[in-house]
Protein chains: 2
Amino acid sequence: MSQHRHPGAPGRAGAVPALPDLPEATVARLPEYLRALHALADTGHETVSSEGLANAAGVNSAKLRKDLSHLGSYGTRGVGYDVTLLIEQIESVLGLTQCRSVALVGVGNLGHALAGYDGFASRGFRIAALFDADPSRVGEEINGLVVRHVDELARVAVEESISIGVIATPAPAAQAVADQLVAVGVTSILNFAPCVLSVPEGVDVRKVDLAIELQILSFHEHRKASLTALPGGLAATDTQEAIGT
Amino acid sequence: MSQHRHPGAPGRAGAVPALPDLPEATVARLPEYLRALHALADTGHETVSSEGLANAAGVNSAKLRKDLSHLGSYGTRGVGYDVTLLIEQIESVLGLTQCRSVALVGVGNLGHALAGYDGFASRGFRIAALFDADPSRVGEEINGLVVRHVDELARVAVEESISIGVIATPAPAAQAVADQLVAVGVTSILNFAPCVLSVPEGVDVRKVDLAIELQILSFHEHRKASLTALPGGLAATDTQEAIGT
DNA sequence: AGGCGCTTGTGAAGAGGTGCACAAATCGCG
DNA sequence: CGCGATTTGTGCACCTCTTCACAAGCGCCT
Ligand SMILES: NC(=O)c1ccc[n+]([C@@H]2O[C@H](COP(=O)([O-])OP(=O)(O)OC[C@H]3O[C@@H](n4cnc5c(N)ncnc54)[C@H](O)[C@@H]3O)[C@@H](O)[C@H]2O)c1
Ligand SMILES: NC(=O)c1ccc[n+]([C@@H]2O[C@H](COP(=O)([O-])OP(=O)(O)OC[C@H]3O[C@@H](n4cnc5c(N)ncnc54)[C@H](O)[C@@H]3O)[C@@H](O)[C@H]2O)c1
């Protein structure tokens with residue numbers, strides 16, 4: 001995405017932080033490895049094999065090794081990976097060494113749940129500010145944070161050095177909110193509103209849409225239903241299955 | 001996934017519903033097209049070109065045409081696609097013609113928001129039952145639905161003919177809940193708990209993990225930051241960018 | 001009726017991701 | 001010190017997905 005490839009010239013090799021230029025699919029899996037690694041660290045494991053970690057993360061072990069190989073050789077053959085070292089490396093690559101400040105816009109039904117969620121802080125994200133357009137919500141305190149009016153976004157964003165914006169407003173307001181976020185310099189947006197956002201180049205948008213997830217499940221349900229009409233056996237094998245994200 | 005390919009023998013051609021066997025990437029995009037189509041229908045459009053629909057859905061028009069071609073030829077050359085016809089076709093393929101019943105397990109912070117969300121019903125999903133393990137929550141009424149104890153799952157699942165289960169419990173409880181859902185015959189699960197679920201073959205699991213989304217954004221933020229240290233211009237082009245799901 | 005412009009549907013090429021299989025590397029032990 | 005057990009890192013083949021480019025098809029206008 002917006003990334004030019006120069007096959008012959010690997011983006012100024014030999015620089016200080018190396019900038020590995022990871023495949024997107026790998027980036028999407030690193031957080032899963034990280035979670036599994038934290039769980040292993042908590043249970044006292046010092047090293048883990050690719051097989052063990054792959055199991056814990058629910059992926060193929062070859063895939064895991066290839067993913068990790070992209071960020072350098074941090075494993076020991078015959079032994080495995082040092083859990084704490086690998087955690088450090090992945091967190092470094094993901095840019096989690098610095099705590100990132102998040103602004104949440106739209107403190108409604110969903111916004112409340114997000115604001116009260118402790119899973120952000122534990123992963124190195126700090127919800128730094130809450131915004132809403134509804135005057136009756138402004139001033140409300142949630143989890144130690146006061147809801148501010150969205151007009152204050154510009155000022156607060158700078159004060160709190162916001163780096164990620166989360167949109168939890170109704171869909172019709174989402175584009176306007178995105179524009180405001182972009183205007184104050186936010187270049188990463190997580191969008192919960194069911195709509196496509198148009199943003200300038202250089203701004204990353206990821207979306208979470210529950211209805212889409214359910215519809216995908218519905219399709220597979222539908223397919224399974226039309227399949228059970230004819231095939232041989234419904235022998236209950238115990239192989240496990242998952243769907244790629 | 002768990003789907004055998006016989007290149008020479010296209011899965012008993014000539015059957016009644018045809019069962020198009022769509023690429024997974026296409027299935028994931030159909031709901032987006034559907035949303036865009038509904039928006040177009042609401043604004044009075046009767047037909048739409050691949051270019052127009054692709055724009056509304058935020059994808060490449062060639063990709064959209066290929067996606068739609070997988071479910072048959074429902075466009076008219078020189079004109080475009082009939083909006084209502086296409087809606088019907090996509091809904092039919094996704095299995096949305098019948099309303100699917102959803103069971104939500106774990107009515108906490110996030111569960112409350114989900115239970116009160118009206119975006120499900122409008123997409124053909126019905127939240128048919130709410131469950132929690134906490135006795136103090138059982139009996140509570142949310143959006144016209146009473147929270148039941150999770151032990152009643154087996155009975156209620158059959159009564160309400162549940163086809164999709166949503167897990168919004170803390171991570172340590174998620175696997176047990178998944179097992180219970182599978183035990184009562186649920187073959188599609190949407191998991192919000194940050195953990196991997198192990199399920200038998202034939203059961204589909206999709207997960208939504210906000211921390212992962214934020215970490216992916218963090219990576220790109222990190223990359224952009226290390227990039228701005230050296231390159232030529234930050235010329236504000238107005239091309240828009242999105243990240244694949 | 002015929003031509004013209006527009007749009008679909010698709011072949012083909014390329015890019016990216018996956019998983020196997022194995023050589024290379026490391027550790028522990030005799 | 002050497003050997004075998006173990007595990008990483010990766011070359012390779014395969015597969016899926018994306019994107020381009022264009023012929024075929026359709027409607028409209030003259
Ligand atoms: N609730 C859910 O479980 C759920 C699930 C999936 C998706 N969503 C989506 O998330 C979004 C929020 O859902 P919700 O249930 O919380 O809706 P909600 O109506 O409860 O909350 C929306 C909040 O956004 C505020 N708002 C509106 N316009 C605004 C603006 N311009 N600037 C700032 N704030 C503004 C409103 O005042 C309100 O407080 C919706 O787009 C919805 O489709 C919600
Ligand atoms: N709140 C958020 O915004 C958010 C965001 C992302 C992910 N999550 C994840 O979603 C899950 C729920 O989050 P939350 O904030 O609602 O937590 P919560 O603690 O508020 O709610 C969890 C609920 O699950 C119930 N529960 C526990 N064990 C159960 C069991 N065995 N069977 C049925 N119910 C059970 C609890 O009684 C509680 O009501 C967590 O895994 C969390 O990590 C939450």
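Note: hydrogens, waters and symmetry copies are ignored here, and every other heavy atom, side chains too, is used. Reminder, nothing fancy here: chain letters follow the sequence lines and each chain counts from 1.
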A.B. asks: Specify the separation, in whole Å, of atom CG of L53(B) and atom C1' of dC6(C).
C.D. replies: 17 Å
A.B. asks: Starting at CG of L22(B) and ending at P of dT18(D), how long is that distance when rounded to a whole Å?
C.D. replies: 13 Å
A.B. asks: Under 3.5 Å, is there any donor-acceptor pair linking the side chain of K66(B) to the base of dT19(D)?
C.D. replies: yes
A.B. asks: Counting only side-chain heavy atoms from C-beta out, which of dG11(C), dT18(C), dG17(C) sits nearest to R29(A)?
C.D. replies: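 Selected nucleotide: dT18(C).
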A.B. asks: So S73(A), base contact, sugar-phosphate only, or nothing? Heavy-atom distance under 4.0 Å.
C.D. replies: sugar-phosphate
A.B. asks: What's the shortest heavy-atom distance between L94(A) and S218(B), and which atoms?
C.D. replies: O-OG, 2.7 Å
A.B. asks: Are the side chains of Q215(A) and L30(B) in contact, using a 4.5 Å heavy-atom criterion?
C.D. replies: no
A.B. asks: Tell me the interatomic distance from E24(A), atom CD, to dA15(C), atom P, rounded to whole angstroms.
C.D. replies: 18 Å
A.B. asks: Report the distance from atom CG of D82(B) to atom P of dT8(C), rounded to the nearest whole Å.
C.D. replies: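 Checked: the CG to P distance equals 13 Å.
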A.B. asks: Round to the nearest Å and state the distance from H70(B) atom NE2 to dT16(D) atom P.
C.D. replies: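 Rounding to the nearest Å, NE2 of H70(B) and P of dT16(D) are 11 Å apart.
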A.B. asks: With a cut-off of less than 4.0 Å, is there a side-chain N or O of Y81(B) near OP1 or OP2 of dG9(C)?
C.D. replies: yes
A.B. asks: Nearest to the side chain of S69(A), which nucleotide is it out of dG9(D), dT8(C), dG19(C)?
C.D. replies: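 From the listed options, dG9(D) comes nearest.
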A.B. asks: Ignoring hydrogens and geometry, is there a side-chain-to-backbone donor-acceptor pair from R29(B) to A57(B) under 3.5 Å?
C.D. replies: no
A.B. asks: Round to the nearest Å and state the distance from Y74(A) atom OH to dA25(C) atom C1'.
C.D. replies: 18 Å
A.B. asks: What is the separation between atom CD on E51(A) and atom C1' on dC20(C), rounded to the nearest whole Å?
C.D. replies: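 It is 13 Å, rounded to the nearest whole Å.
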A.B. asks: By nearest heavy atom, map K63(A) and V79(A) onto DNA chain C; which one lands nearer the 5' end?
C.D. replies: K63(A)
A.B. asks: Could you check how far CG of L64(B) sits from P of dC17(D), rounded to whole Å?
C.D. replies: 16 Å
A.B. asks: Would you mind telling me which of dT26(C), dT18(C), dT10(D) lies closest to the side-chain atoms of R65(A)?
C.D. replies: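 Closest nucleotide among those given: dT10(D).
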A.B. asks: Between K224(B) and D204(A), what is the shortest heavy-atom contact and its length?
C.D. replies: NZ-OD2, 3.2 Å
A.B. asks: For S49(B) and Y81(B), work out which heavy atoms get closest and say how close.
C.D. replies: C-CD1, 4.5 Å
A.B. asks: Closest-nucleotide mapping onto DNA chain C: is D67(A) or T76(A) further toward the 5' terminus? I mean the 5' end.
C.D. replies: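 Upstream on the strand: D67(A).
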A.B. asks: Record whether the side chain of R77(A) comes under 3.5 Å of the base of dT26(C) through a donor-acceptor pair of N or O atoms.
C.D. replies: no
A.B. asks: Would one find a side-chain N or O of N60(A) under 4.0 angstrom from OP1 or OP2 of dG17(C)?
C.D. replies: no
A.B. asks: Ignoring backbone atoms, establish whether S49(B) has a side-chain N or O less than 4.0 Å from OP1 or OP2 of dT7(C).
C.D. replies: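 It does not, given that no N or O in the side chain of S49(B) lies less than 4.0 Å from OP1 or OP2 of dT7(C).
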A.B. asks: Classify the nucleic acid contact of A62(A) as base, sugar-phosphate or nothing, counting any heavy atom under 4.0 Å across all strands shown.
C.D. replies: base
